[in-house]
Amino acid sequence: MDHLALPKGKGHIRIPNLTLVDYTRRDGGFEGYPARSGWSIDDSEGIDSFSGRPTIEVEAFFQTWLYFGFAIEVLAVSGIIIQPSDLLDEERKYVSTRQLPVFLRQWRQRAIRLKRTDPSHIDSVMKISLILKRVSSFVDTYCLPYYGRRDIVALRRAQSSSSPIPENIWVSIIGLGHTLMEAMIRYYDIARLPNHWGASTLLQTRLLRKGWCPMDVERILTDLGIDGHYYISRMLRPDSEISHKNCTRSQCDAQNIDEKNYKQKHVREGCNCNAREVNTAHLCEIIEHGEVPVFNWDSGRSELRITSANIVKRGVSQPAYIAIFHVWSDGMGNSAKNALLECQLQHIQDKVEALVESSELSAKPRHFWLDTLCIPVDKSKKELRRECIRKMGNIYRGAAAVLALSSTLKRVAMTDGNIDRNLATYFANWNRRLWTFQEGMLAKRLFIQLSDRAVDIFQMPHPDVGKSVAIGRCVTFPLHAYGASMMTHFGLLRHVLWDGPKDPSFEGNPRGARKEPLNLLINGVQYRSTSRRSDETICLGTLLRLKIRRLQGAEEAIREEYSQRGLHADEIPDREIAERRMEIFWSMVKVFPRDVVFNSHERLAKEGYGWAPASLLGIPPRGFSRSTARGFSDTFFDKENCGLSFTGPGIIIRVPTGGETSSALFNTHVTVDIPYSDHETLKMRIEATGLGMRSNNGGFSWKPGTRYGVILSESIAQSSRDNTAAGRPDWVPTNVVSMNLWLEQLFPELKESEYFSLSEDYDLSEHEDSDDLVHNSMYLKKYVVDVLNLFYSSTAYST
């Protein structure tokens with residue numbers, strides 16, 4: 001691991017050399033090593049506990065093959081001949097990669113001399129790729145699979161399989177694989193294959209034991225490669241003053257606020273200044289006239305001045321203003337009144353002035369908009385408050401710029417190194433909150449305030465990958481941290497939103513206007529949180545230009561229903577409002593990718609919405625939808641029948657009379673014989689499992705004599721072909737274009753679509769009863785069926 005970066009003062013994990021004999025290159029190459037060593041295929045796959053071999057022999061075999069053999073054979077393809085001793089320290093006690101960059105530089109020089117059309121170029125890529133694929137399959141079996149490969153079988157196998165080698169050995173194998181794959185991608189100019197390997201459970205455990213938020217750990221393991229995991233597992237936690245003991249993999253509660261006990265924070269310790277309150281009457285008057293209230297703090301006169309701004313067009317208003325976005329946990333909010341501490345007012349005004357002086361903003365704005373001051377909080381002004389929220393899109397679009405103030409970003413300067421600066425952006429508290437995502441997305445210009453100055457987020461220098469490649473490091477960190485922060489999502493989604501349909505309500509193009517941004521939105525908010533879950537659809541609806549008034553009306557509709565039933569509620573639970581708004585949200589979006597029915601998140605309970613996620617926050621990576629067969633139409637919300645209109649492959653099955661049934665909530669399954677041809681019958685195992693399911697009937701039973709409609713992610717014929725053709729593609733590429741297609745077939749789980757189309761990700765840790773999800777090669781495929789409503793009823797569809 002010596003070739004990977006570490007925080008200052010930290011040492012590398014020591015990887016012991018457990019081998020008994022050196023790896024030697026002979027006929028059969030990498031794939032033939034087990035046979036040369038007297039191991040059968042079943043032995044290498046761990047069948048029957050590696051045939052009862054002693055632990056010392058098993059560990060030695062796998063480290064010799066999957067580490068030393070891995071490096072030796074990949075480099076040999078490029079004409080670089082090394083020995084096992086080249087990957088060890090002088091005493092041969094520990095693994096060392098100090099010389100690896102030297103070998104990678106030699107590889108690069110040889111690759112540069114080859115023309116891309118040279119047959120040996122394609123041949124080298126194929127040989128190296130097959131070795132990479134073989135090693136990565138072992139990583140997925142015994143470690144944490146990359147999320148594109150995390151189907152229900154892989155997760156169960158990874159959790160239950162007995163690892164043949166210690167966890168620290170796996171760290172070194174993953175690190176080597178990640179580096180060699182990056183070298184192949186860079187040296188051979190492979191454009192369409194991302195570098196994603198599985199993750200180490202050792203590094204995951206270290207992060208959790210250090211008190212990292214479980215959701216951040218999930219995000220780190222998904223966004224970054226092993227080089228990033230390795231660095232972060234050795235660094236100090238940036239929010240060490242915050243406890244994440246109540247957080248989960250899908251929700252960070254540490255920065256949620258308690259409005260009843262909320263207190264503003266002074267800029268500096270020891271400050272005793274007072275809060276300055278807004279003239280509420282003047283504030284409300286401006287809002288009622290359809291204008292935007294903006295402020296200027298005059299420190300000389302200790303005066304908070306309010307004026308009205310008129311928006312001319314995006315980024316232009318009279319007078320010009322800068323919109324401030326912040327995280328309430330930093331202490332600049334106020335749920336009791338429109339007031340802010342004087343030191344905070346001075347701090348904001350100073351940053352506004354500094355931004356104007358240091359940037360090329362032509363309007364030279366001296367005023368600022370801040371939600372704490374500009375949105376009425378008095379309960380008697382509830383409708384005005386709603387009006388401000390409905391106009392939030394216009395307010396941020398009309399600002400000359402948006403300035404992000406964050407307690408975490410003020411710890412880093414532009415003069416700091418790439419790693420420190422990009423990690424600060426990646427872990428910034430506003431990068432975890434929902435409202436700040438919306439606010440930044442709406443901005444014409446978005447600046448983040450660092451300790452020394454404000455910088456345009458799209459002008460932040462990104463890490464120089466070319467330098468890393470040239471010196472033989474071949475790492476993706478901190479580049480992936482840069483790409484996985486707000487910049488990538490902002491760039492893609494802003495383009496779709498602002499350069500797409502111009503109709504403010506998008507009503508003129510329901511089939512295409514919202515479907516494409518939806519997956520990007522989900523990808524952008526999956527690791528974000530909000531103190532009020534009911535705010536979720538307001539933020540997302542604003543970005544999709546939905547009619548926010550309809551979403552806001554959910555609370556009144558619920559109260560009216562209570563009243564009709566003779567009930568009274570002083571306060572409607574936020575969860576109930578959130579679910580009602582989500583029902584309205586999905587009905588307004590109207591059109592979805594057809595694979596929405598395969599989402600693995602918690603579903604809405606209302607009849608007709610059993611297919612719909614109850615929230616888009618905390619959805620696991622690629623957990624919104626799956627890769628499904630193409631050639632079928634999108635799905636549509638059917639208002640008349642109150643359900644999802646879906647066209648796609650499926651089967652009708654009938655449970656025989658007298659067949660066994662189960663009342664268990666999970667694991668109920670049936671095996672189906674499917675006529676495939678005149679002489680062939682395929683077997684399919686169909687499982688009804690709880691994928692985020694909330695059921696009121698105490699469980700699910702396959703009822704004897706009942707017919708069920710089952711939606712499939714692909715046709716039976718396609719599934720059969722995929723099952724037969726699994727593994728190495730059965731054709732040989734002849735040019736660069738076909739080589740990329742060949743790689744996509746070899747690594748189908750790594751293919752990423754234009755709009756981040758998502759795939760499955762099931763969290764089995766939340767369903768400990770699912771013990772019998774056993775992979776059996778006799779079945780064509782294992783289809784997972786959520787027994788909640790895919791059509792119009794609250795139980796499984798039956799005929």
Are more than 12 heavy atoms, taken from residues, nucleotides or ligands other than Lys127, located less than 6.0 Å from that residue's NZ atom? no

Partners passing salt bridge (Lys or Arg N to Asp or Glu O under 4.0 Å) against Asp89 (at least two apart in sequence or in another chain): none

Verify the distance criterion only: is there a donor paired with an acceptor across the side chains of Ser200 and His229 at less than 3.5 Å? no

Cys247 versus Cys213, closest heavy-atom pair with distance: CB-SG, 3.7 Å

Measuring only between side-chain heavy atoms, which start at C-beta, is Ile174 closer than 4.5 Å to Cys143? yes

Would you find a donor on one side and an acceptor on the other, under 3.5 Å apart, between the side chain of Arg237 and the backbone of Ile242? yes

Do any N or O atoms from the side chain of Arg234 and from the backbone of His12 form a donor-acceptor pair under 3.5 angstrom? no

Donor-acceptor contact below 3.5 Å, side chain Asp227 vs main chain Ala5: no

Which class fits the ring pair Trp39 and Phe62: parallel under 30°, tilted 30 to 60°, perpendicular over 60°? perpendicular

Where does the angle between the aromatic ring planes of Tyr187 and Trp107 fall among parallel (under 30°), tilted (30 to 60°) and perpendicular (over 60°)? perpendicular

Applying side chain to side chain contact (heavy atoms under 4.5 Å, CB included), run through Ser78 and Phe103 and close with a yes or a no. CA-CA 10 Å; Ser78 302; Phe103 304 136; over 6 Å; no

Check this for me: does any side-chain nitrogen of one of Asp239 and Arg432 sit under 4.0 Å from a carboxylate oxygen of the other? yes

Can you see which heavy atom on Ser163 is nearest to which on Trp170, and at what distance? OG-NE1, 2.7 Å

Is the backbone of Val95 close enough, under 3.5 Å, to the side chain of Asn17 for a donor and an acceptor to pair up by distance? no

Mark yes or no for whether Thr248, through its side chain, and Ser250, through its backbone, hold a donor-acceptor pair below 3.5 Å. yes

Nearest-0.5 Å distance, CD1 of residue Ile128 to CG of residue Leu75: 8.0 Å

Could you tell me if the side chain of Leu132 sits less than 4.5 Å from the side chain of Leu746, heavy atoms only? no

Pair Ser51, Asp48: side-chain N/O donor-acceptor within cut-off below 3.5 Å: no

So, the side chain of Gln63 versus the backbone of Leu18: is there a donor-acceptor pair under 3.5 Å, distance only? yes

Going by heavy atoms in the side chains, are Pro164 and Phe138 under 4.5 Å from each other? no

Whether Asp86 side chain and Gln83 backbone form a donor-acceptor pair below 3.5 Å: yes

Heavy-atom donor-acceptor pair, Lys210 side chain to Ser233 backbone, under 3.5 Å: yes

Give the minimum heavy-atom separation between Ile169 and Pro16, together with the two atoms involved. CD1-O, 3.6 Å

State, to 0.1 Å, how close Ile471 and Arg105 come at their nearest heavy-atom pair, and which atoms those are. O-NH1, 2.8 Å

Could you check whether any side-chain N or O of Thr97 sits under 3.5 Å from a backbone N or O of His3, counting only pairs where one atom can act as donor and the other as acceptor? yes

Rounded to the nearest 0.5 Å, what separation is found between the CG atom of Leu203 and the CG atom of Leu208? 11.0 Å

Distance (rounded to the nearest 0.5 Å) between Leu207 CG and Asp216 CG: 9.5 Å

Is the charged tip of Arg219 near the ring of Tyr426: under 6.0 Å from the six-membered ring centre and within 45° of its axis? yes

Determine whether Thr425 and Asn422 satisfy the following criterion, side chain to side chain donor-acceptor pair (under 3.5 Å), listing intermediate values before the conclusion. CA-CA 5 Å; Thr425 304; Asn422 285 287; 5.5 Å; no

Considering all heavy atoms, the nearest Gly198-Val139 contact: CA-CG1, 3.9 Å

If you measure from CG on Leu6 to OH on Tyr231, what distance do you get to the nearest 0.5 Å? 8.0 Å

With a 6.0 Å cut-off (strictly less than), is the heavy-atom count around CZ of Arg14, excluding the residue itself, greater than 12? no

Gap separating the NE2 atom of His178 from the OG1 atom of Thr476, nearest 0.5 angstrom: 3.0 Å

In a check of side-chain hydrogen bond (donor to acceptor under 3.5 Å, both in side chains) between Glu73 and each of Tyr33, Tyr23, Trp65, which one passes? Tyr23

Give the ring-plane orientation class for Phe70 versus Phe30, where under 30° counts as parallel, over 60° as perpendicular and anything between as tilted. tilted

So do His244 and Trp212 actually touch side chain to side chain, heavy atoms under 4.5 Å? no

Contact check, side chains of Leu176 and Val74, non-hydrogen atoms, under 4.5 Å: no

If you take all heavy atoms of Met184 and Ser129, which pair is closest and at what distance? SD-OG, 3.5 Å

Taking CZ in Arg98 as the centre, count heavy atoms belonging to other residues, nucleotides or ligands within less than 6.0 Å. Is the count above 12? no

For the residue pair Asp43 / Ser40, report whether a side-chain donor-acceptor contact shorter than 3.5 Å exists. yes

Look at the side chain of Arg528 and the backbone N and O of Gly524, then say whether any donor-acceptor pair between them is shorter than 3.5 Å. yes

Supply the atom-to-atom distance Thr205 OG1 to Glu167 CD, rounded to the nearest 0.5 angstrom. 7.5 Å

